[in-house]
2 protein chains.
Amino acid sequence: MINLLSNLKIQVPDKIYIKDPESSKLGMRIIEDGIKLIDEVGFDDFTFKKLGSRIGSNESSIYRYFENKHKLLLYLTSWYWGWIEYQMVFATHSIEDKRQKLIRAIEMVTREVERDLTITHIDEVALNRIVINEYSKSYLTKEVDNANKEGYFVIYKRLVSRIRDMILALNPKYPFPSSLASTIIEGSLHQHFLKDHFQSITDCNKTVTPMGFFTDLTIKSIEA
Amino acid sequence: MINLLSNLKIQVPDKIYIKDPESSKLGMRIIEDGIKLIDEVGFDDFTFKKLGSRIGSNESSIYRYFENKHKLLLYLTSWYWGWIEYQMVFATHSIEDKRQKLIRAIEMVTREVERDLTITHIDEVALNRIVINEYSKSYLTKEVDNANKEGYFVIYKRLVSRIRDMILALNPKYPFPSSLASTIIEGSLHQHFLKDHFQSITDCNKTVTPMGFFTDLTIKSIEA
DNA sequence: TCAAAATTAACAGTAATACTATTATATTTG
DNA sequence: CAAATATAATAGTATTACTGTTAATTTTGA
(Lines give C-alpha, C1' and ligand atoms only; values in the text may rest on other atoms or scores of the structure.)
Protein backbone atom coordinates (compact mmCIF):
# COMPACT_ATOMS: atom_id res chain seq x y z
CA MET A 1 0.00 0.00 0.00
CA ILE A 2 2.66 2.41 1.05
CA ASN A 3 4.30 2.76 -2.32
CA LEU A 4 1.11 2.54 -4.28
CA LEU A 5 -0.36 5.50 -2.47
CA SER A 6 2.54 7.75 -3.26
CA ASN A 7 1.43 7.83 -6.86
CA LEU A 8 -2.22 8.24 -6.10
CA LYS A 9 -4.15 11.39 -5.58
CA ILE A 10 -7.29 11.25 -3.51
CA GLN A 11 -9.98 12.77 -5.72
CA VAL A 12 -12.16 15.31 -3.96
CA PRO A 13 -15.32 16.54 -5.78
CA ASP A 14 -14.07 19.58 -7.63
CA LYS A 15 -17.07 21.77 -6.92
CA ILE A 16 -15.89 21.96 -3.33
CA TYR A 17 -12.99 24.24 -4.16
CA ILE A 18 -12.52 27.27 -6.37
CA LYS A 19 -8.94 26.42 -7.17
CA ASP A 20 -7.41 23.01 -6.55
CA PRO A 21 -5.24 23.39 -3.44
CA GLU A 22 -3.02 20.53 -4.60
CA SER A 23 -2.03 22.63 -7.61
CA SER A 24 0.19 25.15 -5.83
CA LYS A 25 2.49 25.66 -2.92
CA LEU A 26 0.10 28.08 -1.24
CA GLY A 27 -2.74 25.61 -1.72
CA MET A 28 -0.72 22.87 -0.06
CA ARG A 29 0.01 25.09 2.90
CA ILE A 30 -3.66 25.97 3.21
CA ILE A 31 -4.37 22.25 3.57
CA GLU A 32 -1.40 21.43 5.74
CA ASP A 33 -1.74 24.30 8.18
CA GLY A 34 -5.51 24.40 7.87
CA ILE A 35 -5.58 20.94 9.40
CA LYS A 36 -3.19 21.92 12.17
CA LEU A 37 -5.03 25.12 13.01
CA ILE A 38 -8.51 23.55 13.03
CA ASP A 39 -7.13 20.76 15.18
CA GLU A 40 -5.70 23.30 17.62
CA VAL A 41 -8.47 25.86 17.97
CA GLY A 42 -11.51 23.92 16.75
CA PHE A 43 -13.56 24.64 13.66
CA ASP A 44 -15.76 27.24 15.35
CA ASP A 45 -12.85 29.48 16.25
CA PHE A 46 -10.96 28.84 13.04
CA THR A 47 -10.85 31.76 10.59
CA PHE A 48 -9.12 32.38 7.27
CA LYS A 49 -7.50 35.42 8.84
CA LYS A 50 -5.79 33.29 11.48
CA LEU A 51 -4.77 30.74 8.86
CA GLY A 52 -3.41 33.51 6.63
CA SER A 53 -1.22 34.95 9.32
CA ARG A 54 -0.05 31.48 10.29
CA ILE A 55 1.15 30.66 6.79
CA GLY A 56 2.50 34.15 6.19
CA SER A 57 -0.13 34.81 3.60
CA ASN A 58 -3.24 36.85 3.22
CA GLU A 59 -6.84 36.14 4.10
CA SER A 60 -8.02 37.09 0.63
CA SER A 61 -5.55 34.73 -1.03
CA ILE A 62 -7.17 31.82 0.80
CA TYR A 63 -10.55 32.92 -0.51
CA ARG A 64 -9.20 32.20 -4.00
CA TYR A 65 -9.10 28.53 -3.05
CA PHE A 66 -12.17 28.11 -0.88
CA GLU A 67 -15.38 30.09 -0.84
CA ASN A 68 -15.52 29.87 2.95
CA LYS A 69 -14.33 27.80 5.85
CA HIS A 70 -17.23 25.40 5.55
CA LYS A 71 -16.05 24.43 2.07
CA LEU A 72 -12.57 23.86 3.45
CA LEU A 73 -14.07 21.51 6.05
CA LEU A 74 -15.94 19.68 3.28
CA TYR A 75 -12.68 19.39 1.36
CA LEU A 76 -10.76 18.01 4.31
CA THR A 77 -13.42 15.52 5.34
CA SER A 78 -13.97 14.36 1.75
CA TRP A 79 -10.26 13.81 1.45
CA TYR A 80 -10.29 11.87 4.72
CA TRP A 81 -13.11 9.56 3.66
CA GLY A 82 -11.45 9.07 0.27
CA TRP A 83 -8.27 8.06 2.02
CA ILE A 84 -10.14 5.67 4.34
CA GLU A 85 -12.02 4.25 1.36
CA TYR A 86 -8.81 3.62 -0.50
CA GLN A 87 -7.30 1.80 2.45
CA MET A 88 -10.44 -0.21 3.00
CA VAL A 89 -10.75 -1.29 -0.61
CA PHE A 90 -7.09 -2.17 -0.75
CA ALA A 91 -7.15 -4.12 2.51
CA THR A 92 -10.23 -6.14 1.59
CA HIS A 93 -10.04 -6.73 -2.15
CA SER A 94 -8.13 -9.99 -1.95
CA ILE A 95 -10.17 -11.50 0.86
CA GLU A 96 -12.52 -14.15 -0.47
CA ASP A 97 -14.28 -15.11 2.73
CA LYS A 98 -17.24 -12.77 3.03
CA ARG A 99 -17.22 -12.76 6.77
CA GLN A 100 -13.51 -11.98 6.99
CA LYS A 101 -13.88 -9.35 4.31
CA LEU A 102 -16.59 -7.52 6.24
CA ILE A 103 -14.68 -7.79 9.50
CA ARG A 104 -11.61 -6.32 7.83
CA ALA A 105 -13.68 -3.51 6.34
CA ILE A 106 -15.10 -2.64 9.73
CA GLU A 107 -11.60 -2.64 11.12
CA MET A 108 -10.46 -0.16 8.51
CA VAL A 109 -13.25 2.33 9.17
CA THR A 110 -13.31 2.12 12.96
CA ARG A 111 -9.68 1.78 13.97
CA GLU A 112 -7.44 4.44 15.41
CA VAL A 113 -5.63 6.10 12.50
CA GLU A 114 -1.89 6.28 12.03
CA ARG A 115 0.22 8.69 10.02
CA ASP A 116 0.59 7.83 6.36
CA LEU A 117 4.16 8.85 5.72
CA THR A 118 3.79 8.72 1.97
CA ILE A 119 1.66 11.84 2.15
CA THR A 120 3.79 14.58 3.56
CA HIS A 121 1.48 17.56 3.64
CA ILE A 122 -1.40 15.93 5.49
CA ASP A 123 -1.29 14.91 9.12
CA GLU A 124 -3.88 12.12 9.09
CA VAL A 125 -3.92 11.74 12.84
CA ALA A 126 -4.85 15.39 13.30
CA LEU A 127 -7.32 15.08 10.44
CA ASN A 128 -8.93 12.10 12.14
CA ARG A 129 -9.39 14.20 15.26
CA ILE A 130 -11.03 16.87 13.12
CA VAL A 131 -13.38 14.32 11.59
CA ILE A 132 -14.33 13.04 15.05
CA ASN A 133 -14.93 16.52 16.42
CA GLU A 134 -16.27 18.39 13.42
CA TYR A 135 -17.62 16.07 10.74
CA SER A 136 -21.26 16.45 11.77
CA LYS A 137 -20.98 20.19 11.31
CA SER A 138 -20.33 19.64 7.61
CA TYR A 139 -23.83 18.28 7.05
CA LEU A 140 -25.88 19.59 9.98
CA THR A 141 -26.80 22.80 8.16
CA LYS A 142 -29.85 24.26 6.50
CA GLU A 143 -28.10 23.83 3.15
CA VAL A 144 -27.52 20.04 3.36
CA ASP A 145 -29.85 19.18 0.55
CA ASN A 146 -28.16 21.57 -1.84
CA ALA A 147 -24.71 20.49 -0.76
CA ASN A 148 -25.75 16.90 -1.27
CA LYS A 149 -27.13 17.69 -4.71
CA GLU A 150 -23.82 19.30 -5.61
CA GLY A 151 -22.14 16.01 -4.78
CA TYR A 152 -20.21 17.15 -1.71
CA PHE A 153 -20.86 13.91 0.14
CA VAL A 154 -20.39 11.33 -2.63
CA ILE A 155 -17.27 9.79 -1.19
CA TYR A 156 -18.81 9.29 2.22
CA LYS A 157 -21.96 7.80 0.73
CA ARG A 158 -19.91 5.49 -1.47
CA LEU A 159 -17.99 4.25 1.55
CA VAL A 160 -21.23 3.50 3.39
CA SER A 161 -22.54 1.72 0.30
CA ARG A 162 -19.47 -0.47 0.07
CA ILE A 163 -20.01 -1.67 3.61
CA ARG A 164 -23.70 -2.16 2.98
CA ASP A 165 -22.81 -4.38 0.01
CA MET A 166 -20.49 -6.49 2.12
CA ILE A 167 -23.22 -6.89 4.73
CA LEU A 168 -25.66 -7.98 2.04
CA ALA A 169 -23.10 -10.35 0.57
CA LEU A 170 -22.88 -12.10 3.92
CA ASN A 171 -26.60 -12.10 4.57
CA PRO A 172 -28.83 -11.03 1.67
CA LYS A 173 -31.86 -11.19 3.91
CA TYR A 174 -30.66 -8.82 6.59
CA PRO A 175 -33.30 -6.07 6.55
CA PHE A 176 -31.20 -3.04 7.60
CA PRO A 177 -27.93 -3.15 5.65
CA SER A 178 -27.70 0.59 4.90
CA SER A 179 -28.66 1.66 8.40
CA LEU A 180 -26.18 -0.75 9.90
CA ALA A 181 -23.41 0.47 7.60
CA SER A 182 -24.08 4.13 8.36
CA THR A 183 -24.33 3.34 12.06
CA ILE A 184 -20.93 1.64 12.03
CA ILE A 185 -19.21 4.64 10.49
CA GLU A 186 -20.99 7.45 12.30
CA GLY A 187 -21.24 5.46 15.52
CA SER A 188 -17.55 4.76 15.51
CA LEU A 189 -16.72 8.46 15.33
CA HIS A 190 -19.13 8.98 18.20
CA GLN A 191 -17.61 6.25 20.38
CA HIS A 192 -14.15 7.70 19.79
CA PHE A 193 -15.50 11.05 20.93
CA LEU A 194 -17.17 9.59 24.03
CA LYS A 195 -13.97 7.77 24.94
CA ASP A 196 -12.21 11.13 25.09
CA HIS A 197 -14.94 13.18 26.80
CA PHE A 198 -17.78 11.10 28.21
CA GLN A 199 -16.27 7.90 29.56
CA SER A 200 -19.33 7.16 31.66
CA ILE A 201 -21.53 6.44 28.66
CA THR A 202 -19.17 4.28 26.62
CA ASP A 203 -17.29 1.05 27.23
CA CYS A 204 -14.48 2.12 24.96
CA ASN A 205 -11.13 2.84 26.56
CA LYS A 206 -7.54 1.73 26.16
CA THR A 207 -8.47 -1.94 25.91
CA VAL A 208 -12.00 -1.97 24.52
CA THR A 209 -12.16 -0.37 21.08
CA PRO A 210 -14.98 0.95 18.89
CA MET A 211 -13.73 -1.67 16.43
CA GLY A 212 -14.43 -4.49 18.89
CA PHE A 213 -17.85 -3.14 19.72
CA PHE A 214 -18.97 -2.64 16.13
CA THR A 215 -17.55 -5.93 14.93
CA ASP A 216 -19.49 -7.76 17.64
CA LEU A 217 -22.63 -5.74 16.93
CA THR A 218 -22.47 -6.37 13.20
CA ILE A 219 -21.72 -10.07 13.26
CA LYS A 220 -24.37 -10.80 15.86
CA SER A 221 -26.95 -8.72 14.01
CA ILE A 222 -26.55 -10.21 10.60
CA GLU A 223 -25.75 -13.78 11.58
CA ALA A 224 -28.48 -14.14 14.18
CA MET B 1 -49.25 10.42 31.99
CA ILE B 2 -51.01 13.33 30.45
CA ASN B 3 -52.39 14.71 33.67
CA LEU B 4 -49.39 13.81 35.73
CA LEU B 5 -47.08 15.83 33.55
CA SER B 6 -49.11 18.97 33.88
CA ASN B 7 -47.98 19.25 37.47
CA LEU B 8 -44.38 18.38 36.79
CA LYS B 9 -41.58 20.68 35.83
CA ILE B 10 -38.69 19.26 33.87
CA GLN B 11 -35.61 20.19 35.89
CA VAL B 12 -32.80 21.61 33.82
CA PRO B 13 -29.37 22.05 35.50
CA ASP B 14 -29.57 25.58 36.83
CA LYS B 15 -26.07 26.59 35.88
CA ILE B 16 -27.21 26.59 32.26
CA TYR B 17 -29.25 29.76 32.67
CA ILE B 18 -28.70 33.08 34.38
CA LYS B 19 -32.35 33.53 35.24
CA ASP B 20 -34.87 30.70 35.10
CA PRO B 21 -36.90 31.25 31.91
CA GLU B 22 -39.86 29.43 33.45
CA SER B 23 -40.06 32.16 36.08
CA SER B 24 -41.42 34.94 33.90
CA LYS B 25 -43.54 35.70 30.89
CA LEU B 26 -40.56 36.96 28.92
CA GLY B 27 -38.62 33.82 29.81
CA MET B 28 -41.43 31.64 28.54
CA ARG B 29 -41.52 33.51 25.27
CA ILE B 30 -37.76 33.15 24.90
CA ILE B 31 -38.24 29.39 25.12
CA GLU B 32 -41.38 29.21 23.04
CA ASP B 33 -40.24 31.42 20.19
CA GLY B 34 -36.60 30.40 20.57
CA ILE B 35 -37.65 26.88 19.60
CA LYS B 36 -39.68 28.12 16.65
CA LEU B 37 -36.95 30.42 15.38
CA ILE B 38 -34.13 27.87 15.69
CA ASP B 39 -36.36 25.35 13.95
CA GLU B 40 -37.00 27.80 11.12
CA VAL B 41 -33.58 29.29 10.45
CA GLY B 42 -31.26 26.72 12.01
CA PHE B 43 -29.02 27.23 15.02
CA ASP B 44 -26.16 28.73 13.01
CA ASP B 45 -28.26 31.60 11.70
CA PHE B 46 -30.17 32.06 14.93
CA THR B 47 -29.31 35.22 16.91
CA PHE B 48 -30.70 36.86 20.05
CA LYS B 49 -31.31 39.96 18.00
CA LYS B 50 -33.66 38.09 15.67
CA LEU B 51 -35.36 36.42 18.62
CA GLY B 52 -35.74 39.77 20.36
CA SER B 53 -37.44 41.40 17.43
CA ARG B 54 -39.65 38.35 16.98
CA ILE B 55 -40.96 38.50 20.53
CA GLY B 56 -41.13 42.28 20.56
CA SER B 57 -38.37 42.49 23.08
CA ASN B 58 -34.78 43.53 23.24
CA GLU B 59 -31.60 41.61 22.57
CA SER B 60 -30.09 42.62 25.87
CA SER B 61 -33.13 41.44 27.81
CA ILE B 62 -32.54 37.93 26.49
CA TYR B 63 -28.95 38.12 27.69
CA ARG B 64 -30.37 38.39 31.21
CA TYR B 65 -31.63 34.83 30.84
CA PHE B 66 -28.90 33.15 28.82
CA GLU B 67 -25.24 34.00 28.54
CA ASN B 68 -25.26 33.17 24.84
CA LYS B 69 -27.12 31.15 22.27
CA HIS B 70 -25.10 28.04 22.99
CA LYS B 71 -26.44 28.04 26.55
CA LEU B 72 -29.95 28.37 25.19
CA LEU B 73 -29.31 25.30 23.03
CA LEU B 74 -28.05 23.43 26.09
CA TYR B 75 -31.17 24.46 27.96
CA LEU B 76 -33.51 23.30 25.20
CA THR B 77 -31.77 19.99 24.62
CA SER B 78 -31.52 19.29 28.36
CA TRP B 79 -35.20 19.97 28.66
CA TYR B 80 -35.85 17.64 25.72
CA TRP B 81 -33.87 14.76 27.20
CA GLY B 82 -35.52 15.32 30.57
CA TRP B 83 -38.89 15.10 28.91
CA ILE B 84 -37.92 11.92 27.05
CA GLU B 85 -36.50 10.46 30.24
CA TYR B 86 -39.70 11.14 32.12
CA GLN B 87 -41.78 9.46 29.45
CA MET B 88 -39.43 6.52 29.27
CA VAL B 89 -39.37 5.95 33.02
CA PHE B 90 -43.12 6.28 33.19
CA ALA B 91 -43.76 3.94 30.27
CA THR B 92 -41.44 1.23 31.56
CA HIS B 93 -41.74 1.31 35.35
CA SER B 94 -44.58 -1.18 35.59
CA ILE B 95 -43.16 -3.66 33.09
CA GLU B 96 -41.74 -6.69 34.88
CA ASP B 97 -40.43 -8.63 31.91
CA LYS B 98 -36.89 -7.41 31.33
CA ARG B 99 -37.00 -7.96 27.62
CA GLN B 100 -40.27 -6.11 27.20
CA LYS B 101 -39.05 -3.34 29.45
CA LEU B 102 -35.96 -2.75 27.32
CA ILE B 103 -37.93 -2.90 24.10
CA ARG B 104 -40.36 -0.33 25.44
CA ALA B 105 -37.48 1.90 26.56
CA ILE B 106 -35.94 1.74 23.09
CA GLU B 107 -39.29 2.62 21.64
CA MET B 108 -39.55 5.70 23.82
CA VAL B 109 -36.14 7.08 22.84
CA THR B 110 -36.24 6.28 19.14
CA ARG B 111 -39.81 6.94 18.09
CA GLU B 112 -41.16 9.92 16.21
CA VAL B 113 -42.28 12.48 18.80
CA GLU B 114 -45.77 13.88 19.14
CA ARG B 115 -47.00 17.09 20.71
CA ASP B 116 -47.52 16.94 24.46
CA LEU B 117 -50.57 19.12 24.85
CA THR B 118 -50.16 19.45 28.60
CA ILE B 119 -47.18 21.70 27.99
CA THR B 120 -48.38 24.72 26.12
CA HIS B 121 -45.27 26.80 25.65
CA ILE B 122 -43.06 24.09 24.12
CA ASP B 123 -43.57 22.61 20.68
CA GLU B 124 -41.99 19.19 21.22
CA VAL B 125 -42.17 18.26 17.55
CA ALA B 126 -40.16 21.32 16.58
CA LEU B 127 -37.84 20.69 19.51
CA ASN B 128 -37.28 17.13 18.32
CA ARG B 129 -36.26 18.48 14.92
CA ILE B 130 -33.83 20.81 16.67
CA VAL B 131 -32.34 17.92 18.63
CA ILE B 132 -31.92 15.89 15.44
CA ASN B 133 -30.31 18.77 13.57
CA GLU B 134 -28.36 20.56 16.27
CA TYR B 135 -27.75 18.37 19.31
CA SER B 136 -24.20 17.45 18.32
CA LYS B 137 -23.30 21.11 18.20
CA SER B 138 -23.99 21.36 21.92
CA TYR B 139 -21.06 19.08 22.75
CA LEU B 140 -18.78 19.25 19.72
CA THR B 141 -16.89 22.25 21.05
CA LYS B 142 -13.49 22.93 22.54
CA GLU B 143 -15.22 23.57 25.88
CA VAL B 144 -16.94 20.15 26.22
CA ASP B 145 -14.92 19.05 29.17
CA ASN B 146 -15.72 22.18 31.14
CA ALA B 147 -19.37 22.07 30.16
CA ASN B 148 -19.47 18.47 31.22
CA LYS B 149 -17.82 19.30 34.55
CA GLU B 150 -20.45 21.97 35.11
CA GLY B 151 -23.09 19.29 34.75
CA TYR B 152 -24.64 20.49 31.51
CA PHE B 153 -25.08 16.96 30.20
CA VAL B 154 -26.26 15.11 33.31
CA ILE B 155 -29.74 14.43 32.04
CA TYR B 156 -28.52 12.95 28.79
CA LYS B 157 -25.95 10.80 30.56
CA ARG B 158 -28.56 9.61 33.04
CA LEU B 159 -30.84 8.59 30.20
CA VAL B 160 -28.05 6.59 28.58
CA SER B 161 -27.27 4.98 31.94
CA ARG B 162 -30.87 3.91 32.42
CA ILE B 163 -30.82 2.08 29.13
CA ARG B 164 -27.44 0.57 29.91
CA ASP B 165 -28.92 -0.79 33.16
CA MET B 166 -31.82 -2.37 31.34
CA ILE B 167 -29.42 -3.98 28.89
CA LEU B 168 -27.38 -5.36 31.77
CA ALA B 169 -30.50 -6.57 33.53
CA LEU B 170 -31.33 -8.64 30.48
CA ASN B 171 -27.81 -9.91 29.94
CA PRO B 172 -25.30 -9.16 32.69
CA LYS B 173 -22.53 -10.60 30.55
CA TYR B 174 -22.99 -8.41 27.52
CA PRO B 175 -19.64 -6.63 27.20
CA PHE B 176 -20.71 -3.30 25.66
CA PRO B 177 -23.80 -2.08 27.52
CA SER B 178 -22.83 1.60 27.69
CA SER B 179 -21.67 1.79 24.09
CA LEU B 180 -24.83 0.07 22.91
CA ALA B 181 -27.01 2.42 24.94
CA SER B 182 -25.26 5.52 23.64
CA THR B 183 -25.36 4.14 20.11
CA ILE B 184 -29.12 3.60 20.31
CA ILE B 185 -29.77 7.20 21.34
CA GLU B 186 -27.26 8.99 19.16
CA GLY B 187 -27.72 6.57 16.30
CA SER B 188 -31.45 7.05 16.33
CA LEU B 189 -31.08 10.80 15.91
CA HIS B 190 -28.69 10.10 13.05
CA GLN B 191 -31.04 7.69 11.29
CA HIS B 192 -33.86 10.21 11.56
CA PHE B 193 -31.58 12.76 9.96
CA LEU B 194 -30.53 10.39 7.16
CA LYS B 195 -34.15 9.53 6.45
CA ASP B 196 -34.78 13.21 5.75
CA HIS B 197 -31.61 14.03 3.82
CA PHE B 198 -29.58 10.98 2.80
CA GLN B 199 -32.05 8.22 1.91
CA SER B 200 -29.41 6.27 0.04
CA ILE B 201 -27.48 5.38 3.17
CA THR B 202 -30.34 4.39 5.46
CA ASP B 203 -33.15 1.85 5.30
CA CYS B 204 -35.42 4.08 7.32
CA ASN B 205 -38.41 5.55 5.54
CA LYS B 206 -42.17 5.68 5.99
CA THR B 207 -42.41 1.99 6.82
CA VAL B 208 -39.03 1.09 8.30
CA THR B 209 -38.28 3.07 11.47
CA PRO B 210 -35.16 3.76 13.49
CA MET B 211 -37.09 2.06 16.29
CA GLY B 212 -37.37 -1.16 14.32
CA PHE B 213 -33.73 -1.10 13.38
CA PHE B 214 -32.40 -0.43 16.87
CA THR B 215 -34.75 -2.89 18.53
CA ASP B 216 -33.54 -5.62 16.18
CA LEU B 217 -29.93 -4.59 16.65
CA THR B 218 -30.17 -4.57 20.43
CA ILE B 219 -32.04 -7.79 20.91
CA LYS B 220 -29.80 -9.70 18.52
CA SER B 221 -26.67 -8.28 20.09
CA ILE B 222 -27.43 -9.02 23.67
CA GLU B 223 -29.30 -12.28 23.25
CA ALA B 224 -26.90 -13.86 20.79
C1' DT C 1 -51.00 51.86 48.95
C1' DC C 2 -46.63 53.59 48.40
C1' DA C 3 -41.71 53.08 47.96
C1' DA C 4 -38.09 50.19 46.94
C1' DA C 5 -36.50 46.61 44.28
C1' DA C 6 -36.42 44.13 40.28
C1' DT C 7 -37.21 43.67 35.49
C1' DT C 8 -37.36 45.10 30.93
C1' DA C 9 -36.77 48.27 26.82
C1' DA C 10 -34.14 51.23 24.30
C1' DC C 11 -30.09 52.84 22.80
C1' DA C 12 -25.17 53.18 22.08
C1' DG C 13 -20.98 51.19 21.46
C1' DT C 14 -17.05 47.60 20.59
C1' DA C 15 -14.18 43.95 18.80
C1' DA C 16 -14.33 40.35 15.81
C1' DT C 17 -16.10 37.80 11.84
C1' DA C 18 -16.87 36.80 7.20
C1' DC C 19 -16.54 38.36 3.66
C1' DT C 20 -15.70 41.73 -1.23
C1' DA C 21 -13.05 44.79 -4.03
C1' DT C 22 -9.01 47.08 -5.74
C1' DT C 23 -4.45 47.68 -6.81
C1' DA C 24 0.29 46.50 -6.81
C1' DT C 25 3.77 43.15 -7.04
C1' DA C 26 5.69 38.74 -8.03
C1' DT C 27 5.80 34.47 -10.58
C1' DT C 28 4.85 31.40 -14.28
C1' DT C 29 4.23 30.22 -19.06
C1' DG C 30 4.17 30.21 -24.03
C1' DC D 1 10.34 38.86 -22.98
C1' DA D 2 5.38 39.77 -22.79
C1' DA D 3 1.22 38.26 -21.29
C1' DA D 4 -1.23 35.83 -18.18
C1' DT D 5 -1.81 34.34 -13.74
C1' DA D 6 -1.18 34.22 -8.83
C1' DT D 7 -0.41 36.44 -4.68
C1' DA D 8 0.05 40.24 -1.18
C1' DA D 9 -1.46 44.28 0.79
C1' DT D 10 -4.83 47.30 1.95
C1' DA D 11 -9.29 49.06 2.63
C1' DG D 12 -13.93 48.61 3.41
C1' DT D 13 -18.80 46.60 4.68
C1' DA D 14 -22.53 44.29 7.01
C1' DT D 15 -23.31 41.35 10.63
C1' DT D 16 -22.46 39.07 14.95
C1' DA D 17 -21.97 38.61 19.68
C1' DC D 18 -21.68 40.71 22.92
C1' DT D 19 -21.34 44.87 27.21
C1' DG D 20 -22.89 48.95 29.43
C1' DT D 21 -26.05 52.65 30.66
C1' DT D 22 -30.22 54.81 31.46
C1' DA D 23 -35.04 55.16 31.64
C1' DA D 24 -39.50 53.20 31.98
C1' DT D 25 -42.38 49.66 33.78
C1' DT D 26 -43.80 46.08 36.82
C1' DT D 27 -43.64 43.53 41.02
C1' DT D 28 -43.20 43.08 45.92
C1' DG D 29 -43.71 43.50 50.56
C1' DA D 30 -44.07 46.56 54.78
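Chain A is the first sequence line, chain B the second, and so forth, proteins listed ahead of strands; every chain is numbered from 1.
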Expressed in angstrom and rounded to an integer, what is the separation of [X] atom [atom1] from [N] atom [atom2]?
X: A:F66; N: D:dT7; atom1: CZ; atom2: P; result: 13 Å
X: B:F48; N: C:dC11; atom1: CZ; atom2: C1'; result: 19 Å
X: B:D20; N: C:dT7; atom1: CG; atom2: P; result: 12 Å
X: B:I62; N: D:dT16; atom1: CD1; atom2: P; result: 14 Å
X: B:M28; N: C:dT7; atom1: CE; atom2: C1'; result: 17 Å
X: B:F46; N: D:dA17; atom1: CZ; atom2: C1'; result: 12 Å
X: B:L51; N: C:dT8; atom1: CG; atom2: P; result: 14 Å
X: B:K49; N: D:dA14; atom1: NZ; atom2: C1'; result: 11 Å

Got a salt bridge between [X] and [Y], using NZ or NE/NH1/NH2 to carboxylate O under 4.0 Å?
X: B:E40; Y: A:K142; result: no
X: B:K137; Y: B:D44; result: yes
X: A:K9; Y: A:D20; result: yes
X: A:E32; Y: A:R54; result: no

So, does the side chain of B:S60 form a donor-acceptor pair with the base of C:dA10 at under 3.5 Å?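 Indeed, a donor on one side and an acceptor on the other fall under 3.5 Å apart.
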May I ask you to say what [X] touches in the nucleic acid, namely base, sugar-phosphate or nothing, with a heavy-atom cut-off under 4.0 Å?
X: B:S57; value: sugar-phosphate
X: B:Y63; value: base
X: B:K19; value: sugar-phosphate
X: A:Y65; value: sugar-phosphate

Could you work out which one of D:dT16, D:dC18, D:dA9 sits closest to the side chain of B:N68?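 Output: D:dC18.
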Could you please name the option among C:dT22, D:dT10, D:dT16 that lies closest to any side-chain atom of A:N58?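 Output: D:dT10.
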Please work out which of the three classes, parallel, tilted or perpendicular, describes the rings of A:H197 and A:F193, given edges at 30° and 60°.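 Judged by the thresholds at 30° and 60°, the geometry between A:F193 and A:H197 is tilted.
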Starting at the 5' end of DNA chain C, which residue's closest nucleotide do you reach first, B:L26 or B:E59?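 Mapping each residue to its closest nucleotide by heavy atoms, the 5'-most match is B:L26.
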Check whether any side-chain nitrogen or oxygen of A:S61 sits under 4.0 Å from OP1 or OP2 of D:dA8, and answer yes or no.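 Indeed, a polar side-chain atom of A:S61 lies that close.
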